[in-house]
Amino acid sequence: MSPVPQDPDIETVYLAAFTNEHANAVAEKLEEAGIAWWYKQPGFFSRIWEYGAVRLFVDKNRLEEAQRIAQEIAPDAWSG
């Protein structure tokens, strides 16, 4: 998983937390839609309380579109 290069003028906001598999699928669709994104994977210790979830962040101006994409891909995993 590699995020879309960030424009310094783009402000990102939290989308949701996903399993690795769902995060990869959502990220692929975000890229296809041209939505800037980045991720934060839990570290060695924080993985305990974050349950290994990958947190995705997206362009604030395209949050609603990103939410729809996430819901389509991972309706059961959606935590937004």
Checklist outcome for this item: When every non-hydrogen atom of Ile73 is compared with those of Ala25, the smallest separation belongs to CD1-O, 3.5 Å
Next on the checklist: Heavy-atom count check: over 12 atoms from other residues, nucleotides or ligands less than 6.0 Å from Glu64 CD?
Outcome noted: no
Checklist outcome for this item: dist Trp38:CH2 -> Leu30:CG (nearest 0.5 Å) comes out at 14.0 Å
Next on the checklist: Parallel, tilted or perpendicular, judged at 30° and 60°: which one describes the rings of Phe57 and Tyr14?
Outcome noted: perpendicular
Item to check | Residues forming a side-chain hydrogen bond (donor to acceptor under 3.5 Å, both in side chains) with Glu65, sequence neighbours excluded | outcome: Arg62
Checklist outcome for this item: In short, Ile69 meets Ala33 closest at the heavy-atom pair CD1-CB, 4.0 Å
Checklist outcome for this item: Interatomic distance, CD@Glu11 vs CG@Asp59, rounded to 0.5 Å, equals 9.0 Å
Item to check | Closest non-hydrogen atom pair between Leu15 and Ala70, with its separation | outcome: CD2-CB, 4.2 Å
Checklist entry - Which atom pair, heavy atoms only, marks the closest approach of Ala66 to Ile35? => result N-CD1, 4.1 Å
Next on the checklist: With rounding to the nearest 0.5 angstrom, report the CG to NZ distance, Asn24 to Lys29.
Outcome noted: 13.5 Å
